[in-house]
Amino acid sequence: MDALVRPVVDPTFAAGALAFLLGGVALGTASGLVPGLHANNFALLLAGLAPSVPADPLFVGVAMLGAGVVHSFLDIVPALALGVPDAATAVAALPGHRLVIAGRGREAVRLSALGSGLAVALAVPLAVPVTWLMVRWYPALRAHLPLLLGGVVALLVLTESSRRAAVGGLVAFLASAALGFATLDADPAAPLSTGGVLAPLFAGLFGVPVLVEALGGEGVPPQADPRIAMRARDLGTSAGAGSLAGAVVGYVPGVSAAIAAVAAMPAVPRASADRGFVVATSGANTANTIFALFALVALGTPRTGVTVAIDRAGVPFALPMLLVAAATAACFGFALVVLVGDPYLRIVGNADYTRLSIGVLGLLAVVSYAFAGAYGVGVLLVAGALGLVPPRVGARRVHLMGVLIGPLIVG
């Protein structure tokens, strides 16, 4: 009996999707490794170009999502080597730097890769129950959002190490909230049409201060072997806590992966606090990227720059296809962290750290100008000055997320 064999997957469609995914991987690699750039920037640019791209809008969405996932793997590398964290990894900069100073930077890179990789693996079993709960709780959550965000702020302040740090953290929150009120609604003229002040705001609050503090430093010391000195059980606990926290905040406006990492702190084993914190932060960062997609599909509300871009570009919500793209991008991200992380640390370690810091500061100014014009450079300077305050009083820089939370609380 003759049988007609039909391919399960259209080869042309699969090839097109893979090509766009690889393009997204390349963009996520660039944004993850170049200080001051973010996958959101590229995603929003793609959203603006989407109508003129002669391809299935789903392919554009695959590229955006691939960029976001790969970025969430790689952004820890410049945070460790250059001291310029993304807003999502700013909270891990100090524990990560302690590992680098102790010669354990190569281990930290691998811990981050494992944290992000486990987050993707955990996203599959967590996706359905977490989404089911959040869809049912969302109306109440939305109605009481200011109260919820106020509780988040209280948690951040009360978990500081001293009364002085708590007061300083609260002052930093209020000052950054005021900066958010003053700048977030601005629409400055800029060379790039898909601009905005978020790039200079976050570069100033979380990047410029660390670079300024690093001027005159000795850079990255020689790094030892990459062996992971952390028990598998502790590693799994840290990754699970970060992933669950990142999953939940993927549905809550204004609550970032950095705050999710702080929420996961009590579950991080004290015996390996610095290592566990790097794992939890990376897990929260990547989980937030994945679950923001579920929030967009289930609630129709974008939570990250990447999902905002996907929404604007009119990407079809073909969740199975997008999840396959995210999982594939995660495989690329894991491999790239390990392949690129060690050379990155070595190159920075051999460079003149003062010149390197000044060069990166210049790059941040250029990026700020590109996305928000001269206004953006001004915002970068003001935000940079504010970002210097929290460490002076022993507080975490995560309080500076008030730049987003403050305006959301007031409404």
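Throughout, residue positions are numbered sequentially from 1 according to the sequence presented.
For the atom pair CG of Leu205 and CG of Leu179, the computed distance is 6.0 Å after rounding to the nearest 0.5 Å. We find the CG-CZ distance between Leu345 and Arg106 to be 9.0 Å, quoted to the nearest 0.5 Å. In this structure, Asn288 CG and Ser72 OG are separated by 9.0 Å, a value rounded to the nearest 0.5 Å. Rounded to the nearest 0.5 Å, atoms CG (Leu322) and CG (Leu58) are 5.5 Å apart. Once rounded to the nearest 0.5 Å, the distance linking NE2 of His71 with OG of Ser116 reads 10.5 Å. Note that CG of Leu80 and CG of Leu99 are 8.0 Å apart. Values are rounded to the nearest 0.5 Å.
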Let me see the working for Leu198 and Leu184 under side chain to side chain contact (heavy atoms under 4.5 Å, CB included), right down to the final yes or no.
-> CA-CA 7 Å; Leu198 285 179; Leu184 286 176; 3.8 Å; yes

Step by step, work out the side chain to side chain contact (heavy atoms under 4.5 Å, CB included) result for Leu336 and Leu33.
-> CA-CA 11 Å; Leu336 284 166; Leu33 296 178; over 6 Å; no

Going through the distances and angles, do Tyr251 and Thr131 end up as a side chain to side chain donor-acceptor pair (under 3.5 Å)?
-> CA-CA 9 Å; Tyr251 295 85; Thr131 301; 2.6 Å; yes

Does the pair Arg231 and Arg275 meet the rule for a side chain to side chain contact (heavy atoms under 4.5 Å, CB included), with working shown?
-> CA-CA 10 Å; Arg231 294 188 306 173; Arg275 291 173 171 84; over 6 Å; no

Please walk me through it: do Val337 and Leu74 pass side chain to side chain contact (heavy atoms under 4.5 Å, CB included)?
-> CA-CA 6 Å; Val337 170; Leu74 288 172; 3.6 Å; yes

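A donor-acceptor distance shorter than 3.5 angstrom exists from the side chain of Thr328 to the backbone of Val324, with no hydrogens or angles considered. A donor-acceptor contact shorter than 3.5 Å links the side chain of Arg397 to the backbone of Gly387. With Ser31 contributing its side chain and Gly28 its backbone, the two residues share a donor-acceptor pair below 3.5 Å. Ser282 contributes no side-chain N or O that, together with a main-chain N or O of Val279, makes up a donor-acceptor pair within less than 3.5 Å. Side-chain atoms of Gln223 come within 3.5 Å of backbone N or O of Val100 as a donor-acceptor pair. At distances below 3.5 Å, not a single donor-acceptor pair connects side-chain atoms of Thr286 with backbone N or O atoms of Gly283.
Nearest heavy atoms, Leu364 versus Gly207: CD1-C, 4.5 Å. Summarising the geometry of Pro200 relative to Ala372, their closest heavy-atom pair is CG-CB, 4.2 Å, with the distance given to 0.1 Å. Here the closest non-hydrogen pair linking Gly394 and Ala165 is O-CB, 3.5 Å. Gly150 approaches Ile409 most closely through the heavy-atom pair N-CD1, 4.0 Å. Residue Met64 comes nearest to Ala313 through the heavy atom pair CE-CB, 3.8 Å, listed as atom of the first residue, atom of the second, then distance. Closest approach of Leu65 to Ala326, counting heavy atoms only: CD2-CB, 3.9 Å.
By the neighbour-count criterion of 12 heavy atoms within 6.0 Å, atom CG of Asp185 is sparsely surrounded, having that number or fewer from other residues, nucleotides or ligands. In this structure, Arg136 places its CZ atom where more than 12 heavy-atom neighbours from other residues, nucleotides or ligands lie under 6.0 Å away. No more than 12 heavy atoms of other residues, nucleotides or ligands sit less than 6.0 Å from atom OH of Tyr369.
Between Pro391 and Pro209 there is no side-chain heavy-atom pair separated by less than 4.5 Å. Counting only heavy atoms from C-beta outward, the side chains of Val109 and Pro226 never approach each other to under 4.5 Å. Counting heavy atoms from C-beta on, the side chains of Phe294 and Leu319 come closer than 4.5 Å. With contacts defined as side-chain heavy-atom distances shorter than 4.5 Å, the pair Val382/Thr183 does not qualify. Between Val306 and Thr289 there is no side-chain heavy-atom pair separated by less than 4.5 Å. Arg98 has its side chain out of reach of Phe277: every pair of non-hydrogen atoms, C-beta onward, lies at least 4.5 Å apart. Within the 4.5 Å cutoff, the side chain of Phe291 has heavy atoms near those of the Leu126 side chain. Within the 4.5 Å cutoff, the side chain of Tyr344 has heavy atoms near those of the Pro78 side chain.
Between Phe334 and Phe73, the two ring planes are perpendicular [angle over 60°; tilted spans 30° to 60°].
Looking only at atom types and distance, the side chain of Ser368 has no donor-acceptor partner in the side chain of Tyr375 under 3.5 Å away. Arg396 and Thr159 share a donor-acceptor pair across their side chains, judged by distance under 3.5 Å alone.
Considering only residues two or more places apart in sequence or on other chains, Ile228 meets the side chain to side chain contact (heavy atoms under 4.5 Å, CB included) condition with Glu107, Arg110, Leu111, Leu114, Met230, Leu235.
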